[in-house]
Amino acid sequence: MSAKARVSIEWLSGCSGCELGIVDLHEKLLEVLDEIELVRIPILMDVKEYVAADVGILTGSIRTEHDRHAAREMRRLCKSILAFGTCPVYGGPHSSAYPHTTDELLDGAYRSNASTVTSEVPTDVPRLLAGNRPLDSEIEVDLYLPGCPPHPAFIFEALMSLVRGRAPGIGRHSVCFRCERKMVKTDRKTLRRAFEGEFDPEICFLSQGCLCFGSVTLDRCLAPCTKVGVPCFSCGGPSEPVILEPQKDVRSEVALRMSHLTQIPEAEIVAEIERQAKTHFAYAMASPVFRQKPTFLLKKWTQSPTPAGGTA
Ligand code: SF4
Ligand code: SF4
Ligand code: SF4
C-alpha cells in the first residue's frame with residue numbers, strides 16, 4: 001500500500017464552521033482517512049508548530065498579523081494549498097467591515113460599546129491588519145473551494161483531487177441550477193423581504209418580489225436555503241460569469257432578471273440592493289472580484305442617508 005498523503009490544517013480568522021464541515025463528511029471521512037493522515041488539525045489536536053505536509057488546508061481569512069505568519073508558514077511547508085471556504089477565497093462574512101477603518105471597528109466593539117465589560121481595547125491578542133483579505137493576497141493558492149462552509153460532497157472531491165493529483169470534478173453551476181423553484185412572470189409590483197407575507201414554495205423568490213442571489217452565486221452548497229423558504233444571500237461567493245466578466249455585476253444582473261419576472265421597475269430593485277449591500281455583498285466584498293468592478297460603490301452606498309424602510 002502506498003504511503004498516505006500528509007494533510008495539515010490551519011485556521012486563520014474565521015468561525016470554525018469549516019472545520020465542522022470536514023467532520024460533516026460523516027462516513028465519507030473513513031474513506032478519506034484511508035488515503036490521508038491528518039498531521040495537524042487544531043480543532044482536534046493541541047498543536048502549535050507547523051509541520052511538512054503534502055496538502056495544507058487553510059480556513060479563515062487574512063485579518064491579523066498571526067494570520068499572515070500562519071499562511072506563510074503553511075505555504076513554506078505544504079506542497080499544495082487548499083483555500084477552504086468563502087473566508088480564504090473571498091474574505092468571508094467579516095468582510096462587511098470593509099467600509100470602516102480599524103479604529104472605527106475597535107471603537108464600535110470596545111470604546112463606545114456599552115455592552116462590553118471593558119472599554120479597553122485588548123493588547124494581548126494579534127494585531128489587526130488594516131483590512132480583511134483573501135488568502136491569495138498573501139500566498140499562492142493551488143485550489144479554491146468557496147462555501148460557508150462548503151458542502152461535504154465538494155469537500156470530498158476537492159480533497160481527493162489534491163491527494164490523488166487530478167483535476168477536481170466540481171461543477172460550475174449557479175445555485176439556481178439546483179433550486180427547484182420555478183421562475184415565472186408575475187404581476188407583482190412591490191418589493192418585500194422574506195419575512196413579509198406568505199410565499200409560494202414552488203415559485204422563485206424573484207418572481208414573488210423578494211431578492212434572491214442564487215443566479216449570481218456559485219453552487220458549492222447544493223442550494224439548501226431556498227428549499228426551506230430562505231432566499232440565497234450568496235455565502236458561496238459569486239458565480240463564474242460574475243468572476244470572469246468585468247461588465248457583469250451582481251447588482252444589475254439580479255435587478256434585470258427580477259424586473260423581467262415582475263412589474264417592479266429595475267431602478268427600484270437596484271436601489272434596494274444598494275440599501276442592503278452589506279448583506280448581499282458581505283461574503284466577498286474583501287475580494288478584488290467585487291472591488292475592482294467599477295459599479296461596486298459600497299462606501300458611497302453606505303454613506304448615503306438610509307431611505308425609509310431600509311438598513312444599510
Ligand atoms: S467560510 Fe463560513 S463557515 Fe468557513 S470559517 Fe468562514 S465564516 Fe466560518
Ligand atoms: S433566484 Fe433564488 S429562488 Fe429563484 S430559482 Fe434562483 S435560487 Fe431559486
Ligand atoms: S445562502 Fe445561497 S450560497 Fe449560501 S448556502 Fe444558502 S443557497 Fe447556498
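For this chain, numbers begin at 1 and follow the sequence in order. Counting convention: from 1, in listed order, for ligands and their atoms alike. If you're wondering where the values come from, they're calculated on a predicted model, not measured in any experiment.
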A.B. asks: For atom 4 (Fe) of ligand 3, what's the nearest protein heavy-atom neighbour? Residue, atom name and distance, please.
C.D. replies: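 Heavy-atom neighbour on the protein nearest atom 4 (Fe) of ligand 3: C235 SG, 2.3 Å.
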
A.B. asks: At less than 4.0 angstrom from any non-hydrogen atom of C225, what atoms of ligand 3 do you find?
C.D. replies: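 Selected atoms, number and element: 1 (S), 5 (S), 6 (Fe), 7 (S).
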
A.B. asks: Can you name the atoms of ligand 2, numbered from 1 with element, that are less than 4.0 Å from a heavy atom of G214?
C.D. replies: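 In order of number, 7 (S).
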
A.B. asks: For R275, is there an ion pair with E272 - N to carboxylate O distance below 4.0 angstrom?
C.D. replies: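 A salt bridge links E272 with R275.
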
A.B. asks: Nearest protein heavy atom to atom 2 (Fe) of ligand 2, by residue and atom, and its distance?
C.D. replies: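 Ranking protein heavy atoms by distance from atom 2 (Fe) of ligand 2, first comes C212 SG, 2.3 Å.
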
A.B. asks: Run the ring-ring contact (aromatic ring centres under 6.0 Å, His included) check on F199 and F205 step by step: do they pass?
C.D. replies: CA-CA 8 Å; F199 285 85; F205 278 109; 5.5 Å; yes

A.B. asks: Quick check: do S8 and M74 have side-chain heavy atoms less than 4.5 Å from each other?
C.D. replies: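 A side-chain contact under 4.5 Å exists here.
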
A.B. asks: Taking the six-membered ring for Trp, is the centroid-to-centroid distance between F213 and F233 below 6.0 Å?
C.D. replies: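 Centroid separation for F213 and F233: 6.0 Å or greater.
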
A.B. asks: Closest non-hydrogen protein atom to atom 1 (S) of ligand 3, residue and atom name please, with distance?
C.D. replies: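 Answer for atom 1 (S) of ligand 3: F233 N, 3.4 Å.
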
A.B. asks: Might you confirm whether atom CZ of R172 has over 12 heavy atoms from other residues, nucleotides or ligands at distances under 6.0 Å?
C.D. replies: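 At most 12 heavy atoms, drawn from other residues, nucleotides or ligands, come within 6.0 Å of this atom.
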
A.B. asks: Can you list, pair by pair, the side-chain donor-acceptor contacts under 3.5 Å of residues 261-271, counting residues two or more places apart and other chains?
C.D. replies:
from, atom 1, to, atom 2, distance (Å)
T262, OG1, M258, O, 2.8
T262, OG1, I264, N, 3.2

A.B. asks: Please state which protein non-hydrogen atom is closest to atom 8 (Fe) of ligand 3 and give its distance, to 0.1 Å?
C.D. replies: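 Result for atom 8 (Fe) of ligand 3: C221 SG, 2.3 Å.
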
A.B. asks: Determine whether the side chain, the backbone, both or neither of C179 has a heavy atom under 4.0 Å from any heavy atom of ligand 2.
C.D. replies: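 Side chain only; the backbone of C179 stays clear of ligand 2.
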
A.B. asks: Under a 4.0 angstrom heavy-atom cut-off, which atoms of ligand 3 come close to G236?
C.D. replies: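 Ligand 3 atoms under the 4.0 Å threshold to G236: 3 (S).
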
A.B. asks: Residues two or more places apart in sequence or in another chain: which of them pass side-chain contact (heavy atoms from CB on, under 4.5 Å) with T116?
C.D. replies: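 For T116, the residues satisfying side-chain contact (heavy atoms from CB on, under 4.5 Å) (neighbours in sequence not counted) are N113.
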
A.B. asks: Quick test: of every protein heavy atom, which one is nearest to atom 6 (Fe) of ligand 2, and how far off is it to 0.1 Å?
C.D. replies: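 The closest one turns out to be C176 SG, 2.2 Å.
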
A.B. asks: Side-chain contact, heavy-atom cut-off 4.5 Å: P224 with C221?
C.D. replies: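 Answer yes - side chains close enough.
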
A.B. asks: For atom 3 (S) of ligand 2, what's the nearest protein heavy atom and its distance?
C.D. replies: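 Of every protein heavy atom, F205 N, 3.4 Å lies nearest to atom 3 (S) of ligand 2.
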
A.B. asks: For ligand 3, which atoms, with element, lie under 4.0 Å from some heavy atom of T217?
C.D. replies: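 The list of qualifying atoms is 3 (S).
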
A.B. asks: List every atom of ligand 2 that sits less than 4.0 Å from any heavy atom of R181, numbering the atoms from 1 in the order shown and giving each element.
C.D. replies: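 The list of qualifying atoms is 3 (S), 5 (S).
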
A.B. asks: Tell me whether the rings of F177 and H173 are parallel (<30°), tilted (30 to 60°) or perpendicular (>60°).
C.D. replies: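 Parallel: the ring planes of F177 and H173 meet at under 30°.
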
A.B. asks: Taking atom 8 (Fe) of ligand 1 as the center, what protein N, O or S atoms are found at less than 2.8 Å?
C.D. replies: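 Sorted hits: C15 SG.
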
A.B. asks: Which atoms of ligand 1 have any heavy atom of G147 under 4.0 Å away?
C.D. replies: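 Here the atoms of ligand 1 in question are 1 (S).
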
A.B. asks: Among residues at least two apart in sequence or on other chains, which ones pass side chain to side chain donor-acceptor pair (under 3.5 Å) with E35?
C.D. replies: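 Expected list: R164.
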
A.B. asks: Would you confirm whether the ring centroid of W301 sits within less than 6.0 angstrom of the ring centroid of F281?
C.D. replies: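 Yes, the ring of F281 comes within the 6.0 Å limit of the ring of W301, centre to centre.
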
A.B. asks: Taking the side chain as C-beta and beyond, is there a heavy-atom pair between C212 and C179 under 4.5 Å?
C.D. replies: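 A side-chain contact is absent here, since even the closest heavy-atom pair is not under 4.5 Å.
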
